[in-house]
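Counting starts at 1 for both ligands and their atoms, following the listed order. Counting begins at 1 with the first residue of the sequence.
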Amino acid sequence: MGEVTELRSPARSRNPRRVAVLSLHTSPLELPGVGDAGGMNVYVMQTALRLAGRGVEVEVFTRATSSDLPPVVEHAPGVLVRHVMAGPFEDLSKQELPAQLCAFAAGVLRVEAQSEPGYYDLVHSHYWLSGQVGWLAKERMGVPLVHTAHTLAKVKNAALAEGDEPEPRVRVIGEEQVVAAADRLVANTAFEFDQLVSLYGARSESVATVPPGVDLHTFAPADIGRARAELGLAADAVVLTFVGRIQPLKAPDVLVRAAARLLAEEPALRERLVVLIVGGPSGTGLEQPEALQKLSAELGIGDVVRFLPPRSGPALAAVYRASDVVAVPSHNESFGLVALEAQACGTPVVAAAVGGLPVAVADGRSGRLVYSHDPAEWARMLRSVAVDREHRAALAAGALAHARRFSWDSTTDSLMATYREAIGAFGEDGVRRLGREGRAG
Ligand code: UDP
């Protein structure tokens, strides 16, 4: 590959007209909260809709996981979802996806080759698997690559939950390659910025810190009584809630153990305490909901813990509103959208002080951070927020104020600025930067 012959001045920066967004392992059309669908899906869809609103056409490429899926879906004006054939539709785990990168890349490049030259101005890849494809797409299309990691293997491996498999070396190497290849990296928080620089050798000037957002229309305060009635919860219940993919990394077991501890210390709560676990199985631990059920029964609180299947939109907002506290006990969390959504509904959050959660939760103002996964410590904190009504009311007001500092509109504005920077630095004649003659039109 040739040397960079010229770096264009930022004055050449412009908004992209069309962006190829790569989301290989999970489709933004899927319901989040189960399997591999989570915050990244929400992120990709929310920002795609807003980019389209700003006049940028977005085409999201994702792996086809069912024969029923049409090759292209127009999800909204300006937002296409393209289903790429890459491996069998079903029964392909995330661990098996590295073997499908070629097929996926071929599908992406075929679409581009069938389009007029210069069809895409930029590639934005999400998660390292898409980043690998983005790396190739960038070189073949002669456009800049913006990459968002969402999670990083080195960080995840340093905070493994008991029983969790470490991320393989192939992912670590793959992430390092993508970090080196990307023109711009998007970090959720300053903490992730530092990790990209210190652990992955990213150039600090290539990393943009762009906080994720929250949909403040869907997630807004409303009548708690109504939300409780919808869920069949008593008005005087003390409701502690976990929302998310059920996997060891998210540590819903910490909430269950803490609830058992709380009841041991305050048996009078027994009639009123409800632990809600909202979400579906994820990752290799597909038995997780059953394991949690078993744990609850062993701890003698099987009657207190209720499992609800994943839900979205108003049904999810009702869960947040009905809760006294939303607990986010994760061992690692690159940001924690659930924490923000709960706060936007006026519900305080008790979260582990890991990853992006100290940004998502303002300790002492919108919720509380816990610096361990010790159930006794969690029980103490949950009790202080959920049972002490004055404390809860103060935190609820702070939660609302904190959540309002985030929005998908400002996330999208920052992404647009990052795209402009990437285009400006790359130069309009990207092929020259790559030392090639350019692709025949
Ligand atoms: N989610 C959902 N329904 C559920 C559970 C979760 O829509 O039943 C969504 C939730 O609203 C949030 C996302 O899944 O937007 C989870 O994002 P988070 O950043 O908390 O965790 P991640 O999945 O990225 O690890």
Side-chain angles (χ1 to χ4, degrees), residues 23 25-47 49 94 126-128 148-153 155-156 159 161 164 167 186-189 191-192 210-220 231 241-252 255 276-283 285 288-289 306-323 326-345 347 349-352 354-361 367 403 406-408 411:
S23 177
H25 78 281
T26 175
S27 166
L29 299 178
E30 278 167 33
L31 170 67
V34 60
D36 288 330
M40 186 180 123
N41 303 60
V42 174
Y43 189 111
V44 169
M45 187 49 87
Q46 293 292 332
T47 54
L49 292 171
K94 202 166 160 187
H126 294 269
Y127 194 68
W128 78 276
T148 308
H150 292 276
T151 64
L152 293 165
V155 177
K156 201 170 165 189
D164 219 355
E167 289 297 315
V186 176
N188 282 325
T189 59
F191 185 58
E192 193 184 336
V210 178
V214 58
D215 174 356
L216 294 169
H217 292 291
T218 303
F219 300 111
L231 292 160
T241 301
F242 168 92
V243 173
R245 293 177 290 148
I246 299 177
Q247 52 176 214
L249 191 77
K250 297 264 175 196
L255 173 59
L276 286 184
I277 308 278
V278 184
S282 170
Q288 277 304 305
R306 295 192 200 165
F307 293 84
L308 298 177
R311 57 206 54 223
S312 63
L316 183 57
V319 165
Y320 291 133
R321 287 178 199 130
S323 306
V326 166
V328 187
S330 311
H331 292 284
N332 181 43
E333 198 70 65
S334 71
F335 188 77
L337 291 182
V338 160
L340 220 47
E341 293 162 3
Q343 292 170 94
C345 291
T347 302
V349 173
V350 174
V354 299
L357 286 169
V359 177
V361 178
F406 298 83
S407 75
W408 289 117
T411 305

For [atom], the option (of [options]) bearing the nearest heavy atom:
atom: atom 1 (N) of ligand 1; options: P32, G356, S312; answer: P32
atom: atom 21 (O) of ligand 1; options: K250, E30, E341; answer: K250
atom: atom 23 (O) of ligand 1; options: G33, G39, P309; answer: G39

Are the side chains of K250 and F242 in contact, using a 4.5 Å heavy-atom criterion?
yes

Going by the order shown, which atoms of ligand 1 are within less than 4.0 Å of some heavy atom of [X]?
X: G336; result: 19 (O), 20 (O)
X: E333; result: 21 (O), 25 (O)
X: P310; result: 8 (O)
X: L316; result: 2 (C), 3 (N), 7 (O), 11 (O)
X: V243; result: 5 (C), 6 (C)

Got a donor-acceptor contact below 3.5 angstrom from the [X] side chain to the [Y] backbone?
X: T241; Y: L276; result: no
X: T347; Y: Y320; result: yes
X: S282; Y: Q247; result: no

Please give me the minimum heavy-atom distance between [X] and [Y], naming the atom from each residue.
X: R306; Y: L231; result: NH1-O, 4.4 Å
X: A315; Y: R311; result: O-CD, 3.7 Å
X: V361; Y: A351; result: CG2-CB, 4.1 Å

Relative to ligand 1, is [X] under 4.0 angstrom through side chain, backbone, both or neither, heavy atoms considered?
X: L31; value: neither
X: L337; value: both
X: H150; value: neither

K94: salt bridge (Lys or Arg N to Asp or Glu O under 4.0 Å) partners, not counting sequence neighbours
none

Tell me whether the rings of W408 and Y43 are parallel (<30°), tilted (30 to 60°) or perpendicular (>60°).
perpendicular

What protein heavy atom lies closest to atom 3 (N) of ligand 1? Include the residue and the distance to one decimal.
R311 O, 2.6 Å

Which residue and atom name correspond to the protein heavy atom nearest atom 20 (O) of ligand 1, and how close is it?
V338 N, 3.1 Å

Sorted by chain and residue number, the side-chain contact (heavy atoms from CB on, under 4.5 Å) partners of P32 (sequence neighbours excluded) come out as V42

Report yes if some N/O of R245 lies less than 3.5 Å from some N/O of ligand 1; otherwise report no.
yes

Short N/O distance, under 3.5 Å, between G38 and ligand 1?
no

